[in-house]
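What follows is a set of notes on a single structure, which appears directly below.
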Amino acid sequence: MNVGAEWDLTEVDDLIEHLAAAVPKTEELCSVVVRKTAFDTVAGGQTRVAVDTGHLKSTIGVDFDNDGLGFEAGPTASYGAHVEYGTKPHIIRPRNAKALHWVDEHGDDVFARLVHHPGTAPQPYMRPAFDEATAPLPEILAQVGEKVLRG
């Protein structure tokens with residue numbers, strides 16, 4: 001007695017073809033979502049950052065990955081991370097002089113060989129901006145998937 005089974009894989013082949021065709025559309029739509037998220041992150045960082053001279057705020061920007069599906073947003077100012085994460089207490093010494101110099105709150109010149117800086121508290125601006133910009137992503141990406149799969 002021969003026992004056999006016959007399978008009609010037409011629907012599976014159609015599904016494979018449909019999914020293969022969905023990849024470029026998915027990448028295109030996700031690239032749009034990534035760009036919006038990146039620009040929202042930059043705008044949020046610029047809104048939240050502590051402003052003294054405005055330099056730090058002016059250096060907040062974004063770089064996109066080559067495939068357009070990722071990004072890095074943040075400041076290029078050298079002290080951006082110090083503002084975001086704060087600093088520990090540290091000693092400041094002169095680099096190119098014998099003493100440090102600044103003008104105090106009374107307008108008097110102050111000179112010192114070193115300063116025991118107490119550190120600074122964190123003032124997060126990029127992390128909250130990123131968290132806010134990415135919060136709607138699960139819902140948005142679900143919509144992208146639905147749109148792509150339904151045609």
Side-chain angles (χ1 to χ4, degrees), residues 12-151:
V12 173
D13 290 339
D14 289 346
L15 177 61
I16 291 170
E17 192 175 304
H18 184 71
L19 290 175
V23 171
K25 185 65 175 172
T26 303
E27 288 178 348
E28 177 187 334
L29 292 172
C30 286
S31 178
V32 171
V33 171
V34 166
R35 290 186 70 77
K36 179 173 183 342
T37 303
F39 292 131
D40 287 350
T41 299
V42 168
Q46 290 173 334
T47 299
R48 288 175 174 82
V49 70
V51 176
D52 185 13
T53 65
H55 176 70
L56 179 58
K57 179 179 180 176
S58 74
T59 69
I60 297 173
V62 64
D63 290 320
F64 292 96
D65 293 352
N66 290 335
D67 63 5
L69 298 176
F71 69 91
E72 184 175 327
T76 56
S78 62
Y79 58 93
H82 300 304
V83 175
E84 178 85 16
Y85 298 106
T87 61
K88 294 179 179 179
H90 56 281
I91 295 174
I92 302 173
R93 300 180 196 284
R95 291 185 185 169
N96 300 314
K98 292 183 180 183
L100 298 166
H101 170 254
W102 68 93
V103 178
D104 69 12
E105 65 274 5
H106 306 294
D108 297 327
D109 287 317
V110 179
F111 295 91
R113 290 187 187 267
L114 61 89
V115 172
H116 292 273
H117 194 284
T120 57
Q123 299 177 62
Y125 57 100
M126 291 307 301
R127 289 175 294 160
F130 179 77
D131 290 346
E132 183 178 315
T134 58
L137 282 183
E139 183 180 327
I140 292 169
L141 293 176
Q143 291 171 3
V144 166
E146 195 173 304
K147 180 174 183 157
V148 169
L149 292 177
R150 293 187 193 259

Give me the atom names and distance for the closest heavy-atom approach of [X] to [Y].
| X | Y | value |
| --- | --- | --- |
| Pro118 | Pro89 | O-CG, 3.4 Å |
| Val115 | Ala112 | CG2-CB, 4.4 Å |
| Tyr85 | Pro122 | O-CG, 3.5 Å |
| Tyr125 | Arg48 | O-CD, 3.6 Å |
| Ala22 | Val148 | CB-CG1, 3.2 Å |
| Ala129 | Thr41 | CB-O, 3.4 Å |

Requested in this report: Among residues two or more places apart or on two chains, list those pairs meeting salt bridge (Lys or Arg N to Asp or Glu O under 4.0 Å) that have a residue in residues 77-91.
Outcome: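 Only Glu84-Arg127 qualify under salt bridge (Lys or Arg N to Asp or Glu O under 4.0 Å).
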Requested in this report: Would you mind reporting whether Leu100 and Val110 have side-chain heavy atoms less than 4.5 Å apart?
Outcome: no
Query - side chain to side chain contact (heavy atoms under 4.5 Å, CB included) between Val103 and Asp109, intermediate numbers included - result: CA-CA 5 Å; Val103 178; Asp109 287 317; 3.6 Å; yes
Quick one: [atom1] on [X] to [atom2] on [Y], what's the gap to the nearest 0.5 Å?
| X | Y | atom1 | atom2 | value |
| --- | --- | --- | --- | --- |
| Ile91 | His117 | CD1 | NE2 | 12.5 Å |
| Lys57 | Asp52 | NZ | CG | 13.0 Å |
| Asp40 | Thr134 | CG | OG1 | 10.5 Å |
| Leu29 | Ile140 | CG | CD1 | 12.0 Å |

Query raised in the report: Out of Ile60, Val42, Val49, which residue meets the side chain to side chain contact (heavy atoms under 4.5 Å, CB included) rule with Pro75?
Result: Ile60
**Report entry** Aromatic ring proximity Phe64/Phe39, centre distance under 6.0 Å
**Finding:**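 Here the rings of Phe39 and Phe64 have centres that are less than 6.0 Å from each other.
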Report task. Go through the steps for Asp67 and Glu27 under the test side chain to side chain contact (heavy atoms under 4.5 Å, CB included), then give the verdict. Result -> CA-CA 9 Å; Asp67 63 5; Glu27 288 178 348; over 6 Å; no
Under the 3.5 angstrom rule, does the side chain of [X] hit a backbone N or O of [Y] as a donor-acceptor pair?
| X | Y | answer |
| --- | --- | --- |
| Thr87 | Thr120 | yes |
| Ser31 | Glu28 | no |
| Asp65 | Leu69 | no |

Report task. Might you confirm whether atom CD of Glu72 has over 12 heavy atoms from other residues, nucleotides or ligands at distances under 6.0 Å? Result ->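 Count not over threshold, so no.
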